[in-house]
Amino acid sequence: MQELKVPSVGESIVEVEIGAWLKKEGESFAQDEPLVELITDKATLELPAPFAGTLERILKRTGETARVGEAIALLKASGEGLPRPEPEAVVPQAPEPQEPLAMPAAERVLREAGVSPGEVVGTGLGGRILKEDVERHLEERTKQAPPQAVPPRMPESAPLPAQPPADRPWRVSEAVPMSPLRRRIAERLLMVRQTTAMLTTFNEADMSAIIALRKEIGEAFQKKHGVKLGFMSFFVKAVVQALKEIPELNAEIRDNTILYHRYYDIGVAVGGGEGLVVPVIRDADRLSFAEIERQIADFAERARTKKLKPEELMGGTFTITNGGVYGSLNSTPLLNPPQVGILGMHAIQERPVAREGQVVIRPMMYLALSYDHRIVDGREAVTFLRRVKELVENPVRLMLEV
């Protein structure tokens with residue numbers, strides 16, 4: 001009998017929620033066959049079986065939480081695919097650093113809270129700062145801060161009745177706990193509003209040239225590369241070119257320093273069932289149209305089947321979101337911190353526009369760029385969006401990078 005434990009599923013994630021069990025007690029399974037869904041604040045993942053055997057007992061039921069390393073089930077091995085025990089490695093003690101170092105999860109909290117590492121007492125090995133140390137420091141600082149005026153509380157909703165009224169049995173409400181992913185989305189949306197100086201500028205692009213190009217070479221493109229030529233690859237290419245010319249939008253703020261990224265990791269928002277997730281296309285400037293389309297198609301499929309990895313959702317220097325796939329005509333996209341820019345694509349709609357003194361009907365798309373005004377001025381934002389517009393209206397320029 002062996003324990004099935006929650007593995008490490010990503011930096012800073014210490015707890016998961018148990019999703020659906022894909023096997024029942026007493027059922028057998030093969031090695032690497034998915035046993036249970038683990039819901040984190042970043043994605044829903046499937047936990048594969050480490051060996052072939054039988055699910056003897058479930059220790060954590062659907063909806064319960066478990067910490068990384070905690071046992072959630074007991075498995076009985078059949079002897080197939082059992083891992084060989086490895087001798088314990090002797091881990092040499094690292095020399096104590098001269099200055100306290102912050103662990104990656106702690107660094108993120110420090111950065112978001114605007115706290116210097118020197119202000120926090122680390123309790124980790126060699127004085128390293130842990131995430132819990134930062135949270136403790138912030139809590140103590142809040143207690144010591146002078147009292148401020150407390151805004152009036154919104155009235156709380158009345159408790160749900162145990163049963164609907166007898167004369168109106170259709171008035172039923174259902175209480176469903178927020179998943180870790182929804183809670184994380186809510187926290188980040190509020191954080192964006194509270195910690196950034198976000199503004200949005202708008203423009204529109206004539207999609208005639210891209211539509212004509214897709215009609216002309218789309219079939220040959222799919223036949224050669226095994227993937228459809230979509231709109232997103234054109235926008236990824238256009239954004240990368242514009243970021244090279246306006247580097248302020250490929251940056252982030254760390255304390256009182258602006259960090260300009262010289263690489264281009266583009267996050268692409270895709271529907272993930274419970275909400276949008278943003279997997280990242282790494283080094284997008286080095287990829288071809290076909291490679292970008294393959295990655296996007298792969299991300300979309302694995303988001304639908306809950307197979308995205310947490311590390312694929314981390315990082316990113318700029319984000320593109322496409323509300324047009326849901327029919328949105330225009331919107332104000334919210335920043336994905338610590339990024340300082342996000343481009344919103346929208347539905348293509350035939351509209352009358354003026355061309356050379358004539359009114360013609362063209363397929364138009366509204367574009368929206370939200371940016372952090374702390375480091376991006378209006379001039380740079382408008383210039384960036386106009387450059388994206390120019391490139392998607394003349395896709396040949398994307399190929400020639402002019």
Side-chain angles (χ1 to χ4, degrees), residues 192 198-218 228-246 248-250 264 266-271 276 278 281 284 289 292-293 296 318-336 339-373 376-402:
V192 170
M198 196 185 84
L199 293 178
T200 306
T201 184
F202 301 91
N203 211 317
E204 61 179 350
D206 185 341
M207 302 297 291
S208 300
I210 289 181
I211 292 174
L213 184 61
R214 292 177 71 228
K215 287 182 178 179
E216 179 183 352
I217 67 171
K228 290 183 178 180
L229 177 61
F231 291 103
M232 187 61 78
S233 57
F234 289 94
F235 278 91
V236 171
K237 285 286 188 180
V239 160
V240 168
Q241 183 63 31
L243 289 175
K244 291 180 179 179
E245 300 172 16
I246 312 294
E248 288 83 0
L249 279 151
N250 201 46
Y264 304 90
I266 308 300
V268 178
V270 296
L276 289 179
V278 188
I281 301 174
F289 279 79
I292 292 172
E293 291 292 353
I296 293 172
F318 189 92
T319 294
I320 303 175
T321 181
N322 184 8
V325 297
Y326 303 108
S328 172
L329 188 61
N330 211 348
S331 66
T332 301
L334 283 174
L335 291 171
N336 184 19
Q339 299 169 25
V340 297
I342 180 172
L343 176 71
M345 300 165 55
H346 297 91
I348 299 174
Q349 184 183 60
E350 289 192 341
R351 295 196 295 271
V353 295
R355 292 289 185 269
E356 300 179 355
Q358 301 292 323
V359 177
V360 296
I361 305 298
R362 294 292 173 84
M364 305 297 293
M365 176 190 287
Y366 285 119
L367 303 176
L369 174 71
S370 293
Y371 59 98
D372 192 339
H373 203 9
V376 180
D377 292 330
R379 179 184 62 180
E380 284 74 23
V382 172
T383 302
F384 176 92
L385 194 55
R386 286 183 59 188
R387 184 61 171 142
V388 171
K389 165 188 168 70
E390 292 171 357
L391 291 168
V392 297
E393 289 185 339
N394 189 353
V396 174
R397 302 185 71 170
L398 284 174
M399 317 292 184
L400 302 178
E401 297 186 353
V402 295

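For the numbers below, each heavy atom of this structure counts, side chains included, while hydrogens, waters and symmetry mates do not.
Contact record, Thr200 with Ser370: OG1-OG, 2.8 Å, taken as the closest heavy-atom pair. Nearest heavy-atom pair across Val236 and Ala284 is CG1-CB, 3.9 Å. Of all non-hydrogen atoms in Leu335 and Gly341, the two that sit nearest each other are CD2-N, 3.6 Å. When all heavy atoms of Val359 and Pro352 are compared, the pair lying nearest together is CG1-CB, 3.8 Å. Residues Thr321 and Pro333 approach most closely at CG2-CB, 3.9 Å, considering heavy atoms. The shortest non-hydrogen separation linking Leu229 to Glu293 is C-OE2, 4.0 Å.
Distance check, rounded to the nearest 0.5 Å: CG of Leu213 to CG of Leu398 gives 10.0 Å. The distance from atom CD1 of Ile210 to atom NZ of Lys215, rounded to the nearest 0.5 Å, is 13.5 Å. Atoms CD1 and CD, from Ile348 and Glu204 in turn, are 12.5 Å apart once rounded to the nearest 0.5 Å. Rounding to the nearest 0.5 Å gives a distance of 11.5 Å between OG of Ser331 and CE of Met345. Separating the CG atom in Leu369 from the CG atom in Asn203 is a distance of 10.5 Å, to the nearest 0.5 Å. Atoms CD and CG, on Gln349 and Leu329 in that order, are 5.0 Å from each other to the nearest 0.5 Å.
Asn250 meets the side-chain hydrogen bond (donor to acceptor under 3.5 Å, both in side chains) test with Thr317; sequence neighbours excluded. Here Ser328 pairs with nothing under the side-chain hydrogen bond (donor to acceptor under 3.5 Å, both in side chains) rule; sequence neighbours left out. With sequence neighbours excluded, the residues forming a ring pair (Phe, Tyr, Trp, His ring centres under 6.0 Å) with Phe234 are Phe289, listed by chain and number. Checked against ring pair (Phe, Tyr, Trp, His ring centres under 6.0 Å), Phe384 has the following partners two or more places apart in sequence or in another chain: Phe318. Glu380 pairs by the side-chain hydrogen bond (donor to acceptor under 3.5 Å, both in side chains) definition with nothing, not counting sequence neighbours. Partners of Arg362 according to the side-chain hydrogen bond (donor to acceptor under 3.5 Å, both in side chains) rule, which considers only residues two or more places apart in sequence or in another chain, are Asp206.
Within 6.0 Å of atom NZ in Lys244, more than 12 heavy atoms from other residues, nucleotides or ligands are found, so the atom counts as buried in its surroundings. Counting non-hydrogen atoms of neighbouring residues, nucleotides and ligands closer than 6.0 angstrom, the CZ atom of Arg355 exceeds 12 such neighbours. For Arg386, the CZ atom counts as loosely surrounded, since its 6.0 Å shell holds 12 or fewer non-hydrogen atoms of other residues, nucleotides or ligands.
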- Task: Could you give me the CA-CA distance, side-chain angles and deciding distance for Asn322 and Met232, then say whether side chain to side chain contact (heavy atoms under 4.5 Å, CB included) is met?
- Result: CA-CA 9 Å; Asn322 184 8; Met232 187 61 78; 4.0 Å; yes
- Query: Between Phe235 and Leu367, does a side chain to side chain contact (heavy atoms under 4.5 Å, CB included) hold up when you go through it step by step?
  - Reply: CA-CA 11 Å; Phe235 278 91; Leu367 303 176; 3.7 Å; yes
- Message: I'd like to know whether Thr332 forms a side chain to side chain contact (heavy atoms under 4.5 Å, CB included) with Met198, so could you lay out the CA-CA distance, the side-chain angles of the two residues, the decisive distance to 0.1 Å, and finally the verdict.
- Response: CA-CA 10 Å; Thr332 301; Met198 196 185 84; 4.0 Å; yes
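Looking only at side-chain heavy atoms (C-beta outward), Glu390 and Gln241 stay at 4.5 Å or farther from each other. Within the 4.5 Å cutoff, the side chain of Leu199 has heavy atoms near those of the Tyr371 side chain.
Each of Ile266, Asn336, Ile342, Val270 was compared with Val278 under the side chain to side chain contact (heavy atoms under 4.5 Å, CB included) criterion, and only Asn336 meets it.
With hydrogens and angles disregarded, a donor-acceptor distance shorter than 3.5 Å links the side chain of His346 to the backbone of Tyr366.
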